[in-house]
Amino acid sequence: MPRIARIETFPITYPTVGSFKFFAAPRGLPAGRRTVVVKLTDDEGLIGWGQAVPSPRWSYETPETVRSTIDLYLAPELVGLDLAAASEIELTMQRAIAPGFSTGQPIAKAAIDLALWDLRARRAHCSVASLLMESERPASLSIAPQPITLSWTLNPTDLADAERSIAAAQALGYRNFNLKVAPDIEFDVALCRTVRRLAPDAFIWADANAGYDVASALAIAPQLADLGIAALEQPLPANRLNGYRQLRAQRALPILMDESIVSTTDFDEFHRLGLLDGVAVKIARMGGLTEAWRLVRRLRETGSLFYASGLTDPDLSLAASLQLFACGGLALPAALNGPQFLSGSILRQPLVASGDQLYAPAGLGLGVEVDEDRLRELSELPH
């Protein structure tokens with residue numbers, strides 16, 4: 001099997017559409033959605049592509065730390081390793097950047113993991129979906145193309161803004177909504193009531209991004225349940241375990257974790273302790289497809305709720321998410337809001353939703369082809 005010959009990183013900035021709270025950046029940094037693209041080349045000259053989607057206002061990784069982590073710590077350890085040695089590669093990345101509470105620098109590692117899956121699938125002349133499903137055959141799940149239903153993300157500044165955003169979503173064919181809430185429970189209840197009034201048949205869930213304290217979460221959960229909200233995602237910071245125990249005991253709403261779950265080990269521990277009903281799965285948060293696929297299978301095994309989300313993923317990261325969620329049999333709308341908030345693409349054929357439907361790309365590897373001229377146009381590096 002060929003070996004890893006070279007790993008290169010490219011900082012890419014996508015223009016943004018509309019306002020999203022996680023796009024805000026300190027003064028002096030480029031405006032837009034900043035990502036890092038990885039180009040992994042083997043010693044026979046074949047290429048795999050990956051993408052890191054750091055979001056400093058959501059987690060601690062930045063575009064700068066992603067590049068330094070890959071360029072200075074991960075790439076030197078990985079060059080020369082056998083592409084087929086998946087376990088060795090995974091352990092090498094874990095040793096190079098050690099864990100804290102859980103996986104260290106998962107968003108940076110996700111970019112390399114995606115590039116490895118892309119390259120291995122291309123060498124096997126198949127899609128990443130086919131490789132993911134190898135362990136499932138013969139299984140009831142199908143890898144025939146199935147569209148993923150997208151949900152529309154609402155993070156309004158006031159109720160009038162919410163009404164405008166709902167109207168824009170419905171005009172584009174979106175039927176379901178994920179709401180950014182916390183810390184103002186009075187506004188959050190009014191927001192949920194507005195969405196339910198304007199979209200009575202919608203599937204709606206609320207994501208607090210760890211923004212409530214325990215008292216606020218316990219107070220709002222029954223009110224959201226009365227409005228038909230399906231679940232409350234990450235209501236508390238990741239380390240408020242006793243608070244999660246109280247919310248589960250209240251049983252007003254299903255409780256999802258997101259920021260808390262960085263590995264399958266995290267999920268197993270929280271599941272055994274009875275602290276959650278399910279997970280909103282993010283490839284980037286899990287360090288890539290390898291661990292995210294383990295988590296999806298574990299959610300099925302334990303009968304836990306399987307929700308899907310991302311970090312406003314463009315292009316390669318979006319393609320990987322679509323492959324994973326299609327293979328995983330996702331039954332709920334996915335909070336993949338890259339198509340909602342981003343413009344521009346580094347792909348020869350950009351991923352475009354039809355209404356709120358988006359198919360996993362069906363080509364080799366991740367299913368998409370990078371246009372290196374477009375990559376240079378969006379790159380932050382000198383051309």
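No hydrogens, no waters, no symmetry mates; every other heavy atom, side chains included, goes into these values.
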Which atom names give the shortest non-hydrogen contact between Ala111 and Ala52, and what distance separates them? CB-N, 3.5 Å
Ignoring hydrogens, what is the shortest heavy-atom contact between Ala360 and Ala326? Give both atom names and the distance. CB-CB, 4.3 Å
Output the distance between atom [atom1] ([X]) and atom [atom2] ([Y]), rounded to the nearest 0.5 Å.
| X | Y | atom1 | atom2 | result |
| --- | --- | --- | --- | --- |
| Asp313 | Tyr14 | CG | OH | 10.0 Å |
| Leu40 | Leu114 | CG | CG | 11.5 Å |
| Trp152 | Asn337 | CH2 | CG | 9.5 Å |
| Tyr174 | Thr153 | OH | OG1 | 9.0 Å |
| Gln234 | Leu256 | CD | CG | 9.0 Å |
| Thr9 | Asp71 | OG1 | CG | 3.5 Å |

Kindly work out whether a path of hydrophobic side-chain contacts (I/L/V/M/F/W/Y, heavy atoms less than 4.5 Å apart) joins [X] to [Y].
| X | Y | value |
| --- | --- | --- |
| Leu46 | Leu81 | yes |
| Val128 | Leu364 | no |
| Leu198 | Val189 | yes |
| Ile185 | Leu159 | yes |
| Leu83 | Val38 | yes |

Exactly one candidate in Val262, Leu324, Ile261 meets side chain to side chain contact (heavy atoms under 4.5 Å, CB included) with Met286; the answer is Ile261
Side chain to side chain contact (heavy atoms under 4.5 Å, CB included) partner of Asp268, chosen from Asp266, Thr265, Thr264: Thr264
[atom1] ([X]) with more than 12 external heavy atoms under 6.0 Å:
| X | atom1 | value |
| --- | --- | --- |
| Glu8 | CD | yes |
| Phe203 | CZ | yes |
| Glu186 | CD | no |
| Tyr60 | OH | yes |

Pair [X]-[Y], side-chain donor/acceptor within less than 3.5 Å:
| X | Y | value |
| --- | --- | --- |
| Ser59 | Glu259 | no |
| Asn178 | Tyr307 | no |
| Gln51 | Thr35 | yes |
| Ser151 | Trp205 | no |
| Ser68 | Thr65 | no |

Hey, mind stepping through Met257 and Leu275 against side chain to side chain contact (heavy atoms under 4.5 Å, CB included) and telling me if it holds? CA-CA 9 Å; Met257 286 189 182; Leu275 303 182; 4.0 Å; yes
Would you call [X] and [Y] a salt bridge, taking side-chain N to carboxylate O under 4.0 Å as the test?
| X | Y | answer |
| --- | --- | --- |
| Lys109 | Glu90 | no |
| Glu372 | Arg374 | no |
| Glu369 | Arg122 | yes |
| Asp371 | Arg348 | no |
| Arg3 | Asp43 | no |
| Arg294 | Glu291 | yes |
| Arg285 | Asp258 | no |

Are [X] and [Y] side-chain neighbours, meaning at least one heavy-atom pair lies under 4.5 Å?
| X | Y | answer |
| --- | --- | --- |
| Pro361 | Leu322 | yes |
| Ser165 | Pro156 | no |
| Trp49 | Val37 | yes |
| Leu154 | Asp207 | no |
| Arg33 | Val53 | yes |
| Leu311 | Lys282 | yes |
| Pro339 | Leu358 | yes |
| Arg175 | Pro333 | no |

Measure from the side-chain N and O atoms of [X] to the backbone N and O of [Y], and report whether any donor-acceptor pair falls under 3.5 Å.
| X | Y | result |
| --- | --- | --- |
| Thr103 | Pro99 | no |
| Asp188 | Val181 | no |
| Asp42 | Ile4 | no |
| Ser130 | Cys126 | no |
| Gln357 | Pro147 | no |
| Arg196 | Leu227 | yes |
| Ser379 | Leu375 | no |
| Asp113 | Thr290 | yes |
| Asp277 | Ile255 | yes |
| Arg248 | Leu276 | yes |

Side chain to side chain contact (heavy atoms under 4.5 Å, CB included) for Val279 and Phe306? Distances and angles first, verdict last. CA-CA 6 Å; Val279 179; Phe306 170 25; over 6 Å; no
Between Glu88 and Arg95, does the salt bridge (Lys or Arg N to Asp or Glu O under 4.0 Å) criterion hold? Intermediate values first, please. CA-CA 10 Å; Glu88 182 183 0; Arg95 287 194 299 265; 6.0 Å; no
From CA spacing to verdict: side chain to side chain contact (heavy atoms under 4.5 Å, CB included), Leu74, Ile97: CA-CA 8 Å; Leu74 298 180; Ile97 299 292; 4.0 Å; yes
Glu44: which residues meet the side chain to side chain donor-acceptor pair (under 3.5 Å) condition with it, sequence neighbours left out? Arg123
Test log, rule side chain to side chain contact (heavy atoms under 4.5 Å, CB included), inputs Leu336 and Leu318: CA-CA 8 Å; Leu336 296 172; Leu318 178 60; 4.1 Å; yes
Checking side chain to side chain donor-acceptor pair (under 3.5 Å) against Asn209, which of Arg57, Glu233, Lys180 comes through? Lys180
